[in-house]
Undergrad: 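Take this structure first; my questions come after.
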Amino acid sequence: MEKHWWKEEVIYQIYPRSFKDSTGDGIGDIQGIISKLDYIKNLGVDIIWLSPIYQSPNDDNGYDISDYYDIHPEFGTMADFDQLLEGIHARGMRLIMDLVVNHSSDEHAWFEESKKSKDNPYRDYYIWKPGKNGGPPNNWRSFFGGSAWKYDPTTDEYFLHLFTQKQPDLNWENPKVRDAVVDVLRFWLDKGIDGFRMDVIPLISKRLEFADTELTEFNDVVEKVYSNGPKVHQYINEIYERAIKDYDVMTVGEGPGISTEVGLKYVGHDRGELNMIFHLDHMFLGHGPKGKFDPVPYDWTDIKRIFKEWYDAMGDSGWVSIFLDNHDFPRLVSRFGEDTKYRVESAKLLSMLILTLRGTPCIYQGTELGMSNVHFDDIKDYRDVETHNFYKEFTEAGMDPKEFISHVHDHGRDNVRTPIQWDNSENSGFSSGTPWIKVNPNFIDINAEKVLNDADSIYYWYRDLLSFRKENKTLVYGQWEVLDVDNNDLYVYKRWDDNEEFLIVLNHSSSHHSLDKLSLENYSLIKSNYELSASNALNPWEARLYKLY
Ligand code: ISL
């Protein structure tokens, strides 16, 4: 097993809009992040991943970039960015940026040129096709609802957008596009950043037949039609060879559609592609044929099966990141834990899971506070383009708006985009102005000030486990084996190497359980989210970590 800093360190994701506002305009910004760097450092994380802060019309909150070389004024200036990078490095941390190059904004200068005429020099920067039978070129659907093609009357053709209509897909077949991406990479790498999180990177190579698909499950379409196209590895390898490999940096690819069968092609140590991926199999659990607002049941045995499949698929030759939430999914405590009676216990249990599986842990902002989902009743309180597009689509197809909102409460992306709850003052200390999205009303009870004053809080539990992981490389590189495989309430597994062995016992249920079946005589109990006790009786959501004598 190759050893690398990016396997040993832990990522903390910041969604800048919602982190901390320094100006009072209601939008988080770079100076806000700078003011909280000591807070982040004290938590014990190492690598900050910043969601996009570039120029953007914000149709998809910055994942629609109109200038890759400039900072959006609502976040600050390039001087602010330089100060941030310096502040992060001065504290011994690293910074990785979001690279969104499957698509740009339709307000990017390239697209504005591209749409002007069929012979414009930028025409082939994007994917244009004539219509078919009076409609779009094929039946592909966008991730955010509706056709993946938009008609443009200027040239009487359609352009491809796998996300919103304001996110046209770039045409990676065009070498000039790849040159332009390499330039962007080198610009930021030369500034001294420490790597990239690559947005929807398996989507960059298209299947050029643009054939209709007969698949009906959206997740299947993503995997078999949009992702893993014929030249994807060639393109990723090209940007590695022409930019990444000259720097000591890390890359993590966001992996919709990357299955265990193809995972190693992206992250195999000898591939010259990515260091690791965020595989999404466990995050897409519960998404029905029409996606997240068309939910289907699943349980913990599914989650465990997926972790096992990925561990086996990677072996000692590849690497993944371990995470249970990010800016696209609900709060982990609400989705995988129990966010009322056992909120604190279950949040602690989930953190033990993230920090003891094999892979680079990634923690989303606010998770360390135990922040939970928000339940707005009015669609007008939501900001996410995905929620609004599907609200229209589902209610027009006959779904009761109340039912749709209940799915949003469970799955909507705004659950994790409400402002960070710094204290119990107005607007949760996030902003002196009106926040761009309402604060979760539970900020009175759940906030940073409170957890920092409570030695038994989720925050200090994270801090303790983060430093424990740092001191015990067995938890990073060691082997992993699950002992009680089909148990839907208990997750029991070992991590070991030549020097140490740890046993982790997680009761991910609100019931009491007994450990009588396990022989624990040779183990000492090191950590529990309840009082340390030799008893074999597990409390609801109890998480224990034992060490072999
Ligand atoms: O959240 C999802 C859909 O409900 C995911 O499918 C998500 O769209 C997918 O993982 C791609 O996400 C990334 O690219 C999008 C952007 O909106 C997301 O925020 C980003 O993480 C387009 O850039």
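The structure presented is a predicted model; accordingly, all values stated were derived computationally and were not measured. Just so you know, these numbers use all the heavy atoms, side chains as well, and skip hydrogens, waters and symmetry mates.
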Undergrad: Among N507, L506, V505, which residue satisfies the side-chain contact (heavy atoms from CB on, under 4.5 Å) criterion with V492?
TA: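 It is V505; the other options fail the test.
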
Undergrad: Rounded to the nearest 0.5 Å, what separation is found between the OG atom of S425 and the CD1 atom of I444?
TA: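 Going from the OG atom of S425 to the CD1 atom of I444 covers 8.5 Å.
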
Undergrad: Which residue is it: N440, D414, V408, I437? I am looking for the one with a side-chain contact (heavy atoms from CB on, under 4.5 Å) to F376.
TA: I437

Undergrad: Check the pair M250, I96 against side-chain contact (heavy atoms from CB on, under 4.5 Å), reporting the backbone distance first and the verdict last.
TA: CA-CA 8 Å; M250 63 163 277; I96 66 174; 3.9 Å; yes

Undergrad: Shortest non-hydrogen contact from P441 to V374?
TA: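 Taking P441 first and V374 second, the nearest heavy atoms are CD-CG2, 4.2 Å.
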
Undergrad: State the CG-CG distance between L95 and L85, to the nearest 0.5 angstrom.
TA: 5.5 Å

Undergrad: Look at D328 together with R413 and state whether they make a salt bridge at an N to O cut-off of under 4.0 Å.
TA: yes

Undergrad: Evaluate side-chain hydrogen bond (donor to acceptor under 3.5 Å, both in side chains) for Q31 paired with D80, printing each intermediate quantity in order.
TA: CA-CA 7 Å; Q31 285 300 335; D80 292 324; 2.8 Å; yes

Undergrad: Would you say P361 and S321 make side-chain contact, with heavy atoms under 4.5 Å?
TA: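 The answer is no, as the side chains (C-beta and beyond) never meet within the 4.5 Å cut-off.
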
Undergrad: Would you mind checking if D46 and K41 are paired as a salt bridge, meaning a charged N to carboxylate O distance below 4.0 Å?
TA: no

Undergrad: So which atom in L170 and which in V101 form the shortest heavy-atom distance, rounded to 0.1 Å?
TA: CD1-O, 3.5 Å

Undergrad: Hey, are R463 and E368 close enough for a salt bridge, meaning a charged N less than 4.0 Å from a carboxylate O?
TA: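 Answer for the salt bridge query: no.
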
Undergrad: Would you say the ring centers of W480 and F307 fall short of 6.0 Å from each other?
TA: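 Judged by ring-centre distance (under 6.0 Å), W480 and F307 do not meet the cut-off.
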
Undergrad: Regarding D410 and R335, does a basic nitrogen lie under 4.0 Å from an acidic carboxylate oxygen?
TA: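 So D410 does not pair with R335 through a salt bridge.
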
Undergrad: Please round to the nearest 0.5 Å and tell me the distance separating atom NZ of K348 and atom CG of D464.
TA: 10.0 Å

Undergrad: Mind listing the closest non-hydrogen atom pair of K292 and E386 along with its distance?
TA: NZ-OE1, 2.9 Å

Undergrad: Taking atom CD of E426 as the centre, does the number of heavy atoms from other residues, nucleotides or ligands within less than 6.0 Å exceed 12?
TA: no

Undergrad: Name the orientation class of the two ring planes belonging to F336 and W300 (parallel below 30°, tilted from 30 to 60°, perpendicular beyond 60°).
TA: perpendicular

Undergrad: Please find out if less than 6.0 Å separates the ring center of Y493 from that of Y491.
TA: yes

Undergrad: D454 side chain to K450 main-chain N or O, any donor-acceptor pair under 3.5 Å?
TA: no

Undergrad: Aromatic rings H279 and W310: how do their planes relate, parallel, tilted or perpendicular, breaks at 30° and 60°?
TA: parallel

Undergrad: Do K20 and D29 meet the salt-bridge criterion of a basic N to acidic O distance under 4.0 Å?
TA: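 Not counted as a salt bridge, because no side-chain N and carboxylate O are separated by less than 4.0 Å.
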
Undergrad: Where the side chain of S227 meets the backbone of P256, is there a donor-acceptor pair that is under 3.5 Å apart?
TA: yes

Undergrad: Could you give the distance from OG1 (T387) to CD1 (I405), rounded to the nearest 0.5 Å?
TA: 8.5 Å

Undergrad: Do Q421 side-chain atoms and I446 backbone N/O form a donor-acceptor pair below 3.5 Å?
TA: yes

Undergrad: By the definition ring pair (Phe, Tyr, Trp, His ring centres under 6.0 Å), identify the one residue from Y382, F144, F293 that meets it with F390.
TA: F293

Undergrad: Please state whether the rings of F278 and F323 are parallel, tilted or perpendicular, taking 30° and 60° as the class boundaries.
TA: perpendicular

Undergrad: Charged N to carboxylate O below 4.0 Å: is that the case for R305 and D302?
TA: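 Judged by the 4.0 Å cut-off on N to carboxylate O distance, R305 and D302 do form a salt bridge.
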
Undergrad: Are any non-hydrogen side-chain atoms of Q55 and P73 less than 4.5 angstrom apart?
TA: yes

Undergrad: side-chain contact (heavy atoms from CB on, under 4.5 Å), that's the test. Do E542 and S528 meet it? Break it down for me.
TA: CA-CA 7 Å; E542 182 159 358; S528 164; 3.0 Å; yes

Undergrad: Checking the side chain of S372 only, and the main-chain atoms of D339 only, is there a donor and an acceptor separated by less than 3.5 Å?
TA: no

Undergrad: Would W49 and Y364 count as a close aromatic pair, with their ring centres under 6.0 Å?
TA: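 No: the rings miss the under 6.0 Å criterion.
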
Undergrad: Is the gap between the ring centers of F163 and H103 under 6.0 Å?
TA: yes

Undergrad: Any salt bridge between D381 and K438, counting N to O under 4.0 Å?
TA: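 Yes, D381 and K438 are salt-bridged.
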
Undergrad: Centroid separation under 6.0 Å, is that true for the rings of F218 and F143?
TA: yes

Undergrad: Answer yes if the ring centres of H327 and Y63 are under 6.0 angstrom apart, and no otherwise.
TA: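 Ring centroids of H327 and Y63 are less than 6.0 Å from each other.
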
Undergrad: Between H287 and F284, does the ring centre distance come in under 6.0 Å?
TA: yes

Undergrad: Classify the ring geometry between Y226 and W140 as parallel (under 30°), tilted (30 to 60°) or perpendicular (over 60°).
TA: tilted

Undergrad: Measure from NZ or CZ of R17 to the centre of the six-membered ring of W436, then state whether that distance is under 6.0 Å and the direction lies within 45° of the axis.
TA: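 The answer is yes, since R17 meets both limits relative to W436.
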
Undergrad: What about F443 and W422, are their ring centers closer than 6.0 Å?
TA: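 So the answer is no for these two rings.
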
Undergrad: Compare every heavy atom of G87 with every heavy atom of R91, then report the nearest pair and how far apart it is.
TA: NH1-O, 2.9 Å

Undergrad: Can a salt bridge be assigned to the pair K470 and E9 using a cut-off of 4.0 Å between side-chain N and carboxylate O?
TA: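 Not counted as a salt bridge, because no side-chain N and carboxylate O are separated by less than 4.0 Å.
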
Undergrad: Before giving the answer on side-chain contact (heavy atoms from CB on, under 4.5 Å), spell out for K150 and L160 the whole-Å C-alpha distance, their side-chain angles and the decisive distance to 0.1 Å.
TA: CA-CA 7 Å; K150 186 176 180 199; L160 179 71; over 6 Å; no

Undergrad: Can you confirm whether or not the ring centre of F468 sits under 6.0 Å from the ring centre of F502?
TA: yes

Undergrad: Measuring from atom CG of D98 to atom CZ of R197, what distance do you get when rounded to the nearest 0.5 angstrom?
TA: 4.5 Å

Undergrad: So which heavy atom on E223 is nearest to which on G257, and how close?
TA: CG-O, 3.4 Å

Undergrad: Evaluate the side-chain contact (heavy atoms from CB on, under 4.5 Å) criterion for residues V252 and I277: first the C-alpha distance (whole Å), next the side-chain angles of each, then the deciding distance (0.1 Å), finally the verdict.
TA: CA-CA 5 Å; V252 48; I277 41 175; 5.6 Å; no

Undergrad: Is the number of heavy atoms from other residues, nucleotides or ligands within 6.0 Å of NZ (K527) greater than 12?
TA: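 Result for NZ/K527: enclosed.
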
Undergrad: Does a salt bridge link K36 with D38, judged by any charged N lying under 4.0 Å from a carboxylate O?
TA: no

Undergrad: side-chain hydrogen bond (donor to acceptor under 3.5 Å, both in side chains) between D64 and S56: does it pass, once the steps are laid out?
TA: CA-CA 6 Å; D64 48 320; S56 163; 3.1 Å; yes

Undergrad: Could you pull out the closest heavy-atom pair between Q365 and S18, with the gap in Å?
TA: NE2-CB, 3.7 Å

Undergrad: How long is the straight-line distance from CG of L545 back to CG of N529, given to the nearest 0.5 Å?
TA: 11.0 Å

Undergrad: Using a strict 4.0 Å threshold on nitrogen-to-oxygen distance, state whether K166 and E107 make a salt bridge.
TA: yes

Undergrad: Can we call the ring centroids of F159 and F111 under 6.0 Å apart?
TA: yes

Undergrad: Please confirm whether the backbone N or O of L162 pairs with a side-chain atom of D169, one donor and one acceptor, at under 3.5 Å?
TA: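 Such a contact is found between D169 side chain and L162 backbone.
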
Undergrad: Should E393 and R141 count as an ion pair when the cut-off is N to O under 4.0 Å?
TA: yes

Undergrad: Per the side-chain hydrogen bond (donor to acceptor under 3.5 Å, both in side chains) rule, which among D25, T23, D21 passes with S431?
TA: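 In the set D25, T23, D21, the residue that makes a side-chain hydrogen bond (donor to acceptor under 3.5 Å, both in side chains) with S431 is D21.
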
